[in-house]
Amino acid sequence: MSTPVYTTIYHLKDHEGGLVTLKGWLYNKRSSKGLHFLVVRDGSGLCQCVVSQELVDEAAWNGADEATQESSMELSGSVRKDEKQVGGYEIQVNSLRLIHKAEEYPITPKEHGVDFLMNHRHLWLRSQRQWAILRVRNSVIMSIHHFYQERGFVQMDAPILTGTAVEGTSTLFEMEYFGRSAYLTQSGQLHGEAMAMAFGKIYTFGPTFRAEKSKTRRHLTEFWMIEPEMAFYDLDMAMQLAEDMLGRIVSDALKNCQAELEILERDLEPLKRSISGYPRVSYDDAVDILKSDKTAQMVKDKLAGLDLEGASLSSELAKGKSEYGQAKKWEKKKFDSRELEINRRLAEIEEDRRNLPAWLASATAFEWGNDFGGSDETLITWHFDRPIIVHRFPHEFKAFYMKRDPEDDRVALGMDVLAPEGYGEIVGGGERATDLAFLEAQVKKHGLPEEAFTWYFDLRRYGSVTHSGFGLGLERTVTWICGLHHLRETIPFARTLDRLYP
RNA sequence: UCCUCGGUAGCUCAGCGGUAGAGCAUGCGGCUGUUAACCGCAGGGUCGUAGGUUCAAAUCCUACCCGGGGAGCCA
């Protein structure tokens with residue numbers, strides 16, 4: 001007999017019919033007399049390994065018998081293709097050694113609540129769904145690097161400790177820095193501009209901190225942001241770059257993360273449409289869309305649909321309850337889990353029914369000059385089947401460094417990319433102001449400390465040029481690609497308003 | 001800061017005035033192809049905390065603590 005080759009579950013396809021050794025952890029176990037079906041995970045995937053009492057020695061059998069969930073083990077056996085199994089392969093085990101018998105594992109193959117899972121994030125990472133999400137995150141990161149590197153951008157790091165608030169609006173984490181105040185960066189943009197003037201086209205990729213007291217599914221206090229900054233790019237060029245970048249991220253994910261997206265049950269159609277052809281929508285047009293009869297009709301249709309769905313689910317629930325008494329035990333179990341699902345969905349429907357009228361009211365009352373709220377963005381994106389780029393906003397609610405539109409002084413040359421399916425803003429940026437006097441006036445007007453910007457003003461003193469850039473929120477992008485409800489699962493260890501552990 | 005929902009077994013939840021329940025997990029037993037396997041038995045609880053109403057409180061009331069979602073703000 002040949003010697004087994006040490007490999008990983010991901011590479012089993014190269015060893016069909018051969019003998020291999022795997023090292024991993026027990027994900028789940030099913031047993032009957034003389035047989036153990038061990039679902040093993042090794043970080044690269046899952047594989048069912050069959051231990052038959054007749055075919056292994058006593059030590060191997062006892063090891064499989066004793067193994068508890070998440071026990072670590074090393075096993076060898078022959079690889080067989082089997083479409084029915086997770087990963088498409090199965091291993092008939094010849095030998096097995098228990099490396100460490102795990103204590104009772106807190107995360108069972110059943111459902112858990114968010115709080116419990118977040119408290120066990122260090123273990124939750126081992127679950128299949130988290131595996132899939134964080135591998136998509138990896139794909140997105142690599143796509144971004146490839147995209148920019150292939151286009152001649154230089155990756156440069158902006159400082160994390162800063163003495164300047166880039167945008168007065170956001171709240172900063174302040175800290176003591178050798179006797180004075182420093183802040184954790186909320187954007188690398190100003191330093192990015194300096195680097196763009198030195199290298200032409202650059203992008204930063206780093207952590208960003210916002211001390212906003214937001215408790216929503218779209219916010220983290222620590223998140224990762226990618227900020228390209230390009231000399232000699234105007235707004236239109238920046239919008240095209242953002243579209244090309246997102247298109248690349250999406251098409252790479254579709255190509256490289258098929259298994260992951262399937263685990264996440266992601267509907268691929270909206271992603272396939274999101275590779276190119278992003279409509280450009282001016283703020284003016286977006287306001288018209290928001291206040292249109294069509295939007296009002298969409299909200300009404302949505303409400304009617306929710307009523308229908310709610311009624312149908314309620315009657316299913318009632319029917320199940322009336323038949324519960326006569327049901328067999330396994331039928332009861334099935335109904336119990338369905339009941340949970342229905343109750344959860346009903347709660348969601350209830351919430352939407354409460355929110356939608358308020359959304360419509362706020363949309364109808366919207367006036368030119370207001371900033372879009374989360375609900376406004378969602379309503380606007382309902383009109384499109386792929387990401388859209390909204391541009392040229394009233395300058396009042398935009399950052400001081402944005403260039404004014406030469407054709408309309410009321411608006412700034414900013415742009416936001418809004419993801420479809422209700423995911424909203426994933427990119428924000430635009431063309432930067434080039435005129436020194438204008439910037440000096442802006443800093444004063446926004447009440448920012450002028451002395452903190454003297455270095456920044458230098459960029460307009462020595463060869464000021466047209467330039468643009470934007471920031472991409474990594475976690476929001478991954479949330480959209482994965483089709484998730486909440487962004488906290490897209491980062492290994494989320495930092496939120498009241499969560500610093502684990 | 002405000003609005004809203006929740007806290008019952010290790011976990012997910014049901015019970016909503018009258019002796020504390022189920023599934024999963026754990027332990028033991030059964031089953032030679034299982035797919036959140038299945039079947040049987042067992043252990044496991046100051047019903048978030050503190051007051052109050054009541055013959056009787058997990059259930060009703062008040063306050064507080066903790067968490068989820070949302071608003072504002074943002075990527």
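In what follows, chains carry the letters A, B, and so on, assigned in the order in which the sequence lines appear, proteins first and then strands, with residues in each chain numbered from 1. All figures in this text were calculated on a predicted structure; none of them were measured in a lab.
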Please say which of A:I426, A:I388, A:T378 ends up in a side chain to side chain contact (heavy atoms under 4.5 Å, CB included) with A:L418.
->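 Among the candidates, only A:I388 passes.
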Within a radius of less than 6.0 Å around NZ of A:K302, do more than 12 heavy atoms belonging to other residues, nucleotides or ligands occur?
->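 No, because the 6.0 Å sphere around NZ of A:K302 holds 12 heavy atoms or fewer from other groups.
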Has A:E262 got more than 12 heavy atoms of other residues, nucleotides or ligands less than 6.0 Å from its CD?
->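 For A:E262, atom CD is not crowded (no more than 12 foreign heavy atoms under 6.0 Å).
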[atom1] atom, [N] versus [M]: distance in rounded Å?
{"N": "B:rC11", "M": "B:rU26", "atom1": "C1'", "answer": "12 Å"}
{"N": "B:rU46", "M": "B:rG29", "atom1": "P", "answer": "29 Å"}
{"N": "B:rA42", "M": "B:rC3", "atom1": "C1'", "answer": "47 Å"}
{"N": "B:rG44", "M": "B:rA22", "atom1": "C1'", "answer": "14 Å"}
{"N": "B:rC64", "M": "B:rG27", "atom1": "C1'", "answer": "40 Å"}
{"N": "B:rC31", "M": "B:rA37", "atom1": "C1'", "answer": "11 Å"}
{"N": "B:rG18", "M": "B:rA58", "atom1": "P", "answer": "10 Å"}
{"N": "B:rC47", "M": "B:rG21", "atom1": "P", "answer": "14 Å"}

Rounded to whole Å, please give me the gap between [atom1] in [X] and [atom2] in [N].
{"X": "A:D115", "N": "B:rC65", "atom1": "CG", "atom2": "P", "answer": "17 Å"}
{"X": "A:F173", "N": "B:rC73", "atom1": "CZ", "atom2": "P", "answer": "19 Å"}
{"X": "A:Y105", "N": "B:rA36", "atom1": "OH", "atom2": "C1'", "answer": "15 Å"}
{"X": "A:F116", "N": "B:rA25", "atom1": "CZ", "atom2": "C1'", "answer": "10 Å"}

In chain order, what residues pass the salt bridge (Lys or Arg N to Asp or Glu O under 4.0 Å) check against A:E83, with sequence neighbours excluded?
->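 With neighbours one apart ignored, the set is A:K81.
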Each nucleotide N or O in nucleotides 30-33 of chain B that has a protein N or O under 3.5 Å away: list the pair and distance.
residue: B:rC31; atom: OP1; partner: A:K33; partner atom: NZ; Å: 3.4
residue: B:rU32; atom: O4'; partner: A:K33; partner atom: O; Å: 2.6
residue: B:rU32; atom: O4; partner: A:E54; partner atom: OE2; Å: 2.4
residue: B:rG33; atom: N1; partner: A:R80; partner atom: NH2; Å: 3.4
residue: B:rG33; atom: N1; partner: A:E90; partner atom: OE1; Å: 3.2
residue: B:rG33; atom: N2; partner: A:E90; partner atom: OE1; Å: 3.1
residue: B:rG33; atom: N2; partner: A:E90; partner atom: OE2; Å: 2.3

Remember a base hit wins even if backbone is also touched, and classify [X] as base, sugar-phosphate or nothing at under 4.0 Å, heavy atoms.
{"X": "A:L220", "value": "base"}
{"X": "A:V427", "value": "sugar-phosphate"}
{"X": "A:F223", "value": "base"}
{"X": "A:H486", "value": "sugar-phosphate"}
{"X": "A:D416", "value": "nothing"}

For A:H219, what residues pass the ring pair (Phe, Tyr, Trp, His ring centres under 6.0 Å) criterion, not counting sequence neighbours?
->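 By the ring pair (Phe, Tyr, Trp, His ring centres under 6.0 Å) rule, A:H219 matches no residue at all.
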Of all residues at least two apart in sequence or in a different chain, which pass the ring pair (Phe, Tyr, Trp, His ring centres under 6.0 Å) check with A:W25?
->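 A:W25 satisfies ring pair (Phe, Tyr, Trp, His ring centres under 6.0 Å) with no residue once adjacent residues are dropped.
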Just say parallel, tilted or perpendicular for the rings of A:W382 and A:W359, cut-offs at 30° and 60°.
->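 Taking A:W359 first and then A:W382, their aromatic rings sit tilted (interplane angle of 30° to 60°).
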Measure from NZ or CZ of A:K13 to the centre of the six-membered ring of A:Y10 and say whether it is under 6.0 Å with the direction within 45° of the ring axis.
->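 Ring-cation test returns yes.
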Identify all stems in which RNA chain B takes part, counting only runs of at least 3 consecutive pairs (Watson-Crick or G-U wobble, each distance under 3.5 Å), and give each as one range with another, ordered by first number.
->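 Stems found: B:1-7 with B:65-71, B:10-13 with B:21-24, B:26-30 with B:38-42, B:48-52 with B:60-64.
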Nearest listed nucleotide, side chain of A:R488, among B:rA37, B:rG69, B:rC74 |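 Output: B:rG69.
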Of all the nucleotides listed (B:rA37, B:rA75, B:rA25), which has the minimum atom distance to the side chain of A:T108?
->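 Closest of the options to the side chain of A:T108: B:rA25.
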Side-chain N or O of A:N119 closer than 4.0 Å to phosphate OP1/OP2 of B:rG67 =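 For B:rG67, OP1/OP2 do not have a side-chain N/O of A:N119 under 4.0 Å.
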Considering just the side-chain nitrogens and oxygens of A:R30, establish if one lies under 4.0 Å of OP1 or OP2 belonging to B:rA37.
->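 Yes, A:R30 has a side-chain N/O under 4.0 Å of OP1/OP2 on B:rA37.
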Side-chain donor-acceptor distances from residues 360-367 of chain A under 3.5 Å, at least two apart:
residue: A:S362; atom: OG; partner: A:D376; partner atom: OD1; Å: 3.2
residue: A:T364; atom: OG1; partner: A:L360; partner atom: O; Å: 2.6

A:Y283 and A:F372: aromatic ring centres closer than 6.0 Å?
->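 Ring-ring flag for A:Y283/A:F372: true, centres closer than 6.0 Å.
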